[in-house]
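Just the heavy atoms: all of them, side chains too, but no hydrogens, waters or symmetry mates, feed the values below. Lettering of chains follows the sequences in order, A, B, ..., and the numbering in each one begins at 1.
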Amino acid sequence: DTAVSQTPKYLVTQMGNDKSIKCEQNLGHDTMYWYKQDSKKFLKIMFSYNNKELIINETVPNRFSPKSPDKAHLNLHINSLELGDSAVYFCASSQPFTQGALEQFFGPGTRLTVL
Amino acid sequence: AQKVTQAQTEISVVEKEDVTLDCVYETRDTTYYLFWYKQPPSGELVFLIRRNSFDEQNEISGRYSWNFQKSTSSFNFTITASQVVDSAVYFCALSEEFRTGNQFYFGTGTSLTVIP
């Protein structure tokens with residue numbers, strides 16, 4: 001069983017388009033995250049959701065918006081895509097700190113290419 | 001300021017050599033967690049180890065070992081008798097409590113190349 005899944009795995013699109021990346025976890029975790037990994041492999045946290053509440057929102061352009069229909073899903077919507085948005089986006093989930101800050105489980109990543 | 005520093009950007013070793021990857025962290029919390037992740041060329045992020053701030057006991061798992069020293073705020077990772085399959089980017093991470101959840105901070109990664 002896949003713990004954290006993301007779709008699509010690859011996404012190629014034109015500048016200015018709007019796209020979404022879906023993420024689902026079947027681990028029963030309370031917290032989910034989105035990370036962006038650039039070409040230099042630097043992992044930057046974008047958002048995290050705890051029990052459907054946004055608790056962290058780093059300095060990410062408001063073209064990016066997370067949507068969590070339920071505890072098991074955290075989708076990433078991107079409007080008006082720009083060349084600089086090209087990266088690999090990882091979804092992750094974890095238990096909350098109060099339960100021992102277990103490791104984050106990562107999805108396989110979505111490679112976004114903006115042309 | 002960087003919460004997790006991995007000063008070694010790239011390391012190359014010859015197969016069977018030992019290699020240590022350095023990680024220095026910064027936190028004011030008394031309770032925190034440290035992690036190492038591996039990212040092989042295939043791209044997935046693989047969890048290797050978790051340590052809480054109250055457990056400074058070193059750990060060994062096969063060819064892997066970890067040295068946690070609170071006095072120097074370091075959590076170093078050593079691979080003994082390296083193999084080509086160890087070639088990957090390795091990330092050190094810190095988790096702190098944040099409101100009702102937790103925040104993770106990743107280092108910039110160390111790219112390890114093991115030459116056959």
Side-chain angles (χ1 to χ4, degrees), chain A residues 2-6 9-10 23 25 27 29-58 66 68 71 74 87-112, chain B residues 2-6 8-11 21 23 25 27 29-55 59 66 75 87-113:
Chain A
T2 303
V4 182
S5 59
Q6 293 178 230
K9 187 169 176 64
Y10 300 96
C23 178
Q25 56 97 0
L27 299 167
H29 287 165
D30 289 329
T31 309
M32 295 183 71
Y33 311 78
W34 276 106
Y35 285 85
K36 177 181 180 180
Q37 187 174 44
D38 60 24
S39 57
K40 295 184 179 180
K41 297 290 189 179
F42 183 57
L43 273 168
K44 175 185 175 183
I45 189 166
M46 302 177 71
F47 303 102
S48 70
Y49 258 73
N50 183 20
N51 284 329
K52 299 181 65 174
E53 177 186 356
L54 179 66
I55 58 171
I56 299 173
N57 186 345
E58 295 294 316
S68 181
K71 198 174 85 167
L74 183 64
V88 179
Y89 292 84
F90 286 97
C91 176
S93 72
S94 74
Q95 288 289 39
F97 198 88
T98 51
Q99 294 185 25
L102 298 180
E103 72 273 15
Q104 287 182 315
F105 289 79
F106 283 85
T110 296
R111 182 174 293 278
L112 171 64
Chain B
Q2 192 76 0
K3 299 278 279 185
V4 178
T5 301
Q6 295 180 255
Q8 303 149 309
T9 306
E10 296 180 355
I11 300 177
L21 310 182
C23 174
Y25 63 93
T27 181
D29 292 0
T30 54
T31 302
Y32 54 90
Y33 294 82
L34 296 165
F35 304 82
W36 275 95
Y37 286 83
K38 175 183 179 179
Q39 188 174 38
S42 52
E44 72 273 22
L45 282 153
V46 179
F47 164 78
L48 294 178
I49 190 172
R50 172 183 69 131
R51 259 290 174 263
N52 73 52
S53 52
F54 301 107
D55 183 4
E59 180 159 340
W66 291 269
F75 186 43
S87 295
V89 179
Y90 291 86
F91 292 95
C92 180
L94 164 72
S95 180
E96 298 176 329
E97 188 170 11
F98 183 84
R99 288 165 55 179
T100 58
N102 43 280
Q103 169 66 297
F104 280 81
Y105 303 91
F106 278 77
T108 50
T110 297
S111 178
L112 173 66
T113 300

Show, in sequence, the C-alpha distance, side-chain angles and deciding distance for A/Phe90 and B/Glu44, and conclude whether the side-chain contact (heavy atoms from CB on, under 4.5 Å) test is met.
CA-CA 9 Å; A/Phe90 286 97; B/Glu44 72 273 22; 5.8 Å; no
Could you check if a side-chain atom of B/Tyr37 sits within less than 4.5 angstrom of a side-chain atom of A/Gln104, using non-hydrogen atoms only?
yes
More than 12 non-hydrogen atoms from neighbouring residues, nucleotides or ligands closer than 6.0 Å to CZ on A/Arg111, yes or no?
no
Please classify the contact of A/Gln37 with chain B as side chain, backbone, both or neither, using a heavy-atom distance under 4.5 Å.
side chain
Would you indicate whether B/Phe54, at its atom CZ, is surrounded by more than 12 heavy atoms from other residues, nucleotides or ligands within a distance under 6.0 Å?
yes
How far does CD of A/Glu103 sit from OH of B/Tyr33, to the nearest 0.5 angstrom?
12.0 Å
Determine whether the aromatic ring centres of residues B/Phe47 and A/Phe106 are separated by less than 6.0 angstrom.
no
Checking B/Phe104 against A/Tyr35 for the ring pair (Phe, Tyr, Trp, His ring centres under 6.0 Å) test, could you report, in this order, the C-alpha distance in whole Å, the side-chain angles of both residues, the deciding distance, and whether it holds?
CA-CA 11 Å; B/Phe104 280 81; A/Tyr35 285 85; 7.7 Å; no
Give, for atom NZ of A/Lys40 and atom OG1 of B/Thr9, the distance between the pair rounded to the nearest 0.5 Å.
10.0 Å
Rounded to the nearest 0.5 Å, what separation is found between the CG atom of A/Leu43 and the OG1 atom of B/Thr108?
10.0 Å
